[in-house]
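Working notes, structure below.
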2 protein chains.
Amino acid sequence: MTLWQSIADLLRAEIARGLWPPGTRLPAEADLAARFGVNRHTLRNATRALADEGLLYSRQGAGVFVAASPVDYPLGDRVRFHRNIELAGKVPGRALDAVMTRPSDAAEALALGLATGERVHVAEGVSLVDFRPVALFRTVFPADALPDLARHLRDIQSITAALAACGIADYRRVSTRVTARVADAAQAARLQIDAGDPLLRTEAISEAGGRPVERGLTWWVAERVTLTLPHVS
Amino acid sequence: MTLWQSIADLLRAEIARGLWPPGTRLPAEADLAARFGVNRHTLRNATRALADEGLLYSRQGAGVFVAASPVDYPLGDRVRFHRNIELAGKVPGRALDAVMTRPSDAAEALALGLATGERVHVAEGVSLVDFRPVALFRTVFPADALPDLARHLRDIQSITAALAACGIADYRRVSTRVTARVADAAQAARLQIDAGDPLLRTEAISEAGGRPVERGLTWWVAERVTLTLPHVS
DNA sequence: ACTAATTTGTTCGTATGTATG
DNA sequence: ACATACATACGAACAAATTAG
């Protein structure tokens, strides 16, 4: 049992018994370090462990804070976020954080059948269900094949509609890969969860007319979503 | 972009292009720090980030190693573990920890179309790929419909073969649900990972002749497996 | 709107403990 | 046993983000 571990245990117990309710700011690192009589590094080891567990999250310049049932989401050939959520009787929503055009990285190029460095449009944002964030997404599109898409993405705020405006009336998933990861502090803050909470990560490639049109990465809050698979009968 | 981030990117790229194949030991932290002209703490920030991503892992006293790349595991209608892994060019294996017959709980009964409390056979164990654990499984079967299954499960050590011995020549998945959890201490020990590491959890129900024959829970080590979905074309 | 104080994040330096080979 | 290498810990300073005034 190392020093930082016992400090983490102590803080965990204090949080568990309600001494620091969810949302409250802990004393500054320097103060806490002084309280335990340790170096600030040592204290940070402890708070980092608790942040990994999802008990705490920190914001540079602001402080360290105490962090405060899943929707079924079918993964089929023709996945449309809004429709899926509406079918589940919930209110879908999206917040688009950024739309940009930049050179593709190796993984993006491979997925879209481009050469690395060919330009892609990128849309990033948060997906909401009943006004709560359920997922982060980063979707890339081939920029040369869809030159006007970036503008449409900014105007229309819906990926399906923006693609339709570029003449892509229909597209289908051809590949979906699922893995899991724990949320880092940045993802946790965006998703209003705790760092260390598990995320489901899906990578989907969609095609229209036999050519890749979209490669979507989505990080789902595992506590709020269950992915369901179609099985043909 | 901090110093340690650019170092992490550089190392990630080097690993991606095969300069450090899976299983190899990286140069000592001090050497790597010297190579990049930074303090060892700074280098450790980079390797810690890569370890969080699952690309590296470190063993005190031994070194920092490149993690093995994850196995692709296709989730189709007719999922067979051994076949899937062999098709991926790996060596499949199973360790059966326990076979028992006991009353079903509510979730098991619902999945198998039984009344809560009706007896089920349960098989628990670890799935291996290339002699490394990749998943924990707990599979339950209706005991009344398959009275001899428990004995076969103990003798045969393969679920597919044990079902065949009970006259179930073929079965198909009718439902698969995917979510994610973090490993607790017990799971971590069985899977040779750390508590808090992310797990993919799948719940699958299989039927034969229109009746449920199997409800399987599997906890996959997210770092060691990627679930892939079939898409009919 | 701007400044200053506060707070976390990163980086350097140094030393000692502990597991591995 | 010994050397190597990672883990932990202390000290100091500056950068970057936030917040209070």
Side-chain angles (χ1 to χ4, degrees), chain A residues 1-12 15 20 23-67 97-98 183-190 192 194-196, chain B residues 1-12 15 20 23-67 188-189 192-197:
Chain A
M1 178 69 80
T2 62
L3 232 184
W4 68 262
Q5 279 172 332
S6 24
I7 293 173
D9 287 346
L10 224 158
L11 288 173
R12 195 187 295 106
I15 293 167
W20 312 102
T24 53
R25 215 201 73 191
L26 293 187
E29 288 178 346
D31 295 340
L32 275 180
R35 167 187 161 193
F36 294 117
V38 300
N39 189 274
R40 203 170 67 115
H41 287 320
T42 307
L43 181 99
R44 277 169 64 80
N45 272 340
T47 53
R48 179 161 56 77
L50 294 177
D52 286 345
E53 290 176 25
L55 241 62
L56 300 177
Y57 64 91
S58 54
R59 282 170 47 224
Q60 185 171 1
V64 179
F65 299 84
V66 180
D97 291 334
D184 61 30
Q187 294 170 323
R190 301 298 320 282
Q192 297 176 22
D194 301 333
Chain B
M1 176 72 81
T2 63
L3 232 185
W4 68 262
Q5 280 173 329
S6 25
I7 293 173
D9 286 346
L10 225 157
L11 288 172
R12 194 186 297 105
I15 292 167
W20 312 102
T24 53
R25 215 200 74 191
L26 294 187
E29 287 180 344
D31 295 340
L32 275 180
R35 168 186 160 193
F36 294 116
V38 300
N39 189 274
R40 216 181 108 227
H41 288 326
T42 307
L43 181 97
R44 275 168 66 81
N45 275 340
T47 53
R48 180 161 56 75
L50 294 177
D52 287 346
E53 291 177 23
L55 236 61
L56 300 177
Y57 64 92
S58 55
R59 282 169 46 224
Q60 185 170 357
V64 179
F65 299 84
V66 180
Q192 297 176 20
I193 57 175
D194 296 330
D197 283 358

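Note on naming: letters A, B, ... go to the chains in the order of the sequence lines (proteins, then strands), and numbering restarts at 1 for each one. Not measured: the values here are computed from a predicted model.
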For A:A188 and A:A183, work out which heavy atoms get closest and say how close.
N-CB, 4.3 Å
Treat primed atoms plus P, OP1 and OP2 as sugar-phosphate and everything else as base, then score nucleotides 13-21 of chain D 5' to 3': B for base contact with protein heavy atoms under 4.0 Å, S for sugar-phosphate contact only, - for none.
B--BBBS--
Nucleotide N/O of nucleotides 1-4 of chain C paired with protein N/O under 3.5 Å:
none

Separation of B:R48 atom CZ from D:dT8 atom C1', in whole Å?
14 Å
Which atom of A:E29 lies closest to which atom of A:L43, heavy atoms considered:
O-CD2, 3.5 Å
B:W4 has its side chain closest, among D:dA5, C:dT11, D:dA7, to C:dT11
With sequence neighbours left out, what residues match A:Q60 under side chain to side chain contact (heavy atoms under 4.5 Å, CB included)?
none
What is the distance from CZ of A:F36 to C1' of D:dC10, rounded to the nearest Å?
17 Å
Would you mind reporting whether A:I15 and A:L56 have side-chain heavy atoms less than 4.5 Å apart?
yes
B:I7: which of B:N45, B:V38, B:T47 passes side chain to side chain contact (heavy atoms under 4.5 Å, CB included)
B:V38
Earlier contact from the 5' end, DNA chain D, for B:G63 and A:T42
B:G63
Using atom CG of A:L3 as one end and atom C1' of D:dA9 as the other, report the distance to the nearest whole Å.
8 Å
Pairing partner of D:dA16 (Watson-Crick or G-U wobble, both distances under 3.5 Å):
C:dT7
First encountered from the 5' end of DNA chain D, between B:A28 and A:T2:
B:A28
Verify the contact: side-chain N or O of B:N39 to OP1 or OP2 of C:dG13, cut-off strictly under 4.0 Å; return yes or no.
yes
Quick one: does A:R48's side chain get under 4.5 Å of B:R48's, heavy atoms only?
yes
Tell me: CD1 of B:I7 to C1' of C:dT10, nearest whole Å?
12 Å
Check whether any side-chain heavy atom of A:F36 sits under 4.5 Å from a side-chain heavy atom of A:L10, and report yes or no.
yes
Minimum-distance nucleotide to B:E29 side chain [options: D:dT8, D:dC6, D:dA5]:
D:dC6
Classify the nucleic acid contact of A:N45 as base, sugar-phosphate or nothing, counting any heavy atom under 4.0 Å across all strands shown.
nothing
Spacing between B:L43 atom CG and C:dT10 atom P, to the nearest angstrom:
15 Å
Are B:W20 and B:V64 packed together at the side-chain level, in the sense that at least one heavy-atom pair is separated by less than 4.5 angstrom?
no
Restricting to non-hydrogen atoms, name the atom on A:R40 and the atom on A:A30 that form the minimum distance, rounded to 0.1 Å.
CD-N, 4.2 Å
Starting at atom CD of B:Q5, determine the distance to atom C1' of C:dT10, rounded to an integer number of angstrom.
10 Å
